[in-house]
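Accompanying notes for the structure given below.
Ligands are counted one by one from 1 in listed order, and the atoms in each one are counted from 1 as well.
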Amino acid sequence: MFTARSVARASARLAFPKPPVVRAAAPFQYRAMSATASRFKKSEVIKEAEVPVSVYTPDSKGVASANSDHFSIPVKNVPSSTAPVEHVEAEEDSISPLDEKVYQKMPPTMQKMSVMGKVIIVTGGARGLGNHMARACAEAGAKAIVLFDANQELGDEAAQELHEKSGLAVSFFKVDVRDGNAINAAVQSVVDLYGAPDVLVNSAGIADSNIKAETYDPAMFRRLIDINLTGSFLMSQAVGRAMMAAGKPGSIILVASMSGSIVNYPQEQSCYNASKAGVIQFGKSLAAEWAKYDIRVNCISPGYMDTALNRVPALDAQKKIWKSLTPQARLGAVDDLNGLCVFLASDASGFMTGSNVIIDGGYTLY
Ligand SMILES: NC(=O)c1ccc[n+]([C@@H]2O[C@H](COP(=O)([O-])OP(=O)(O)OC[C@H]3O[C@@H](n4cnc5c(N)ncnc54)[C@H](O)[C@@H]3O)[C@@H](O)[C@H]2O)c1
């Protein structure tokens, strides 16, 4: 939530970074594996001069036989850095899909965190966040990736590139997420090609920004709701029906936004915010209805991300404000949703449904 106090605090943090308070460390006699809390009053912060460490290597087999397994490390009073760390976008020249042989050797926890053998549909997969989540699913073991997007040229290019770089089966369907009939035909075609989908990642969406509610064109308002909210419904309905018909458990991931939970500053964007709040509540409702079919529904709610959606000169000044209000002092990278997407698609999140996970560099903390 945005308050005058939070702005003041955020700008103070940026303009006058305070030097960290350095306190003398409490005296401490080293004793291996000692519990230290009892030596201090409850209210005192425990400040160690040395930190005891116990290291169990595969050779030591957990038995404290050799002295070298226990040692201590000195604690230096190093001022924490106030400089923001520049995020470097990952190089993605090649995509290495998880190989069946490697998968068989992975421990059970890691196997569950993969999407081995799954058929995954990604809408808005031609570019941006959707495209990068599709790549991540390809790396994490998907059997086939299917991109749905309204942009023919970008979609074709993206599918060809993903196939060439990964060697996986990749298809592109030119589908507008507002077009129920086209969606149903495309999903049926996916079933015929690869079998019923296991996962839907619904990332297709648009944003209108800097439009005051009092002058918002109702036709534009309806269009945005139709793409962001009705599109989420039509896609979920078609894919959900295919999962039910095949008796297959599934995972539906709806890309909402932190704007579904907070009001952005300084731009006016009531329609976008309302559409994403609708997506979150729709996702929760669907999760409750479809748990009986073993279909899970969760939302990913990104903060400000550095994608084409935001790479417009008109937003340059606002981006400075957004960064200043984000504890991590940056916009999200285009691949910053990848890990969460794979986790929600995987069986590792099997008990998770109806959740809305905000991933925003801390923006919504203020
Ligand atoms: N970029 C951000 O800062 C940000 C923040 C929060 C949430 N989001 C959400 O993440 C999702 C992806 O955003 P992005 O930044 O990757 O955007 P993007 O514009 O880079 O990609 C969106 C994709 O969706 C496709 N698309 C648009 N309308 C469509 C339609 N009617 N039918 C089918 N495809 C359509 C576009 O062709 C494009 O390929 C959106 O839902 C957006 O609201 C983005």
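Judged by distance alone, with hydrogens and angles left aside, the side-chain atoms of S189 form no donor-acceptor pair with the main-chain N or O of A185 at under 3.5 Å. No side-chain donor-acceptor contact under 3.5 Å links S251 to the backbone of V199.
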TODO: Begin from the C-alpha positions of D156 and Q152 and carry the test side chain to side chain donor-acceptor pair (under 3.5 Å) through to its verdict.
DONE: CA-CA 6 Å; D156 254 340; Q152 173 80 59; 3.1 Å; yes
Task: L162 and L168: CA distance, side-chain angles, deciding distance, side-chain contact (heavy atoms from CB on, under 4.5 Å) verdict - done: CA-CA 8 Å; L162 185 51; L168 279 183; over 6 Å; no
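Listed as neighbours of ligand 1 are G124, A126, R127, G128, L129, D149, A150, N151, V175, D176, V177, S203, A204, G205, I206, I227, V255, A256, S257, Y272, K276, P302, G303, Y304, M305, T307, L309, N310, each bearing a heavy atom under 4.0 Å from the ligand.
For the atom pair OH of Y194 and OG of S171, the computed distance is 2.5 Å after rounding to the nearest 0.5 Å.
For Y304, the ring-ring contact (aromatic ring centres under 6.0 Å, His included) partners at least two apart in sequence or on another chain are W322, Y363.
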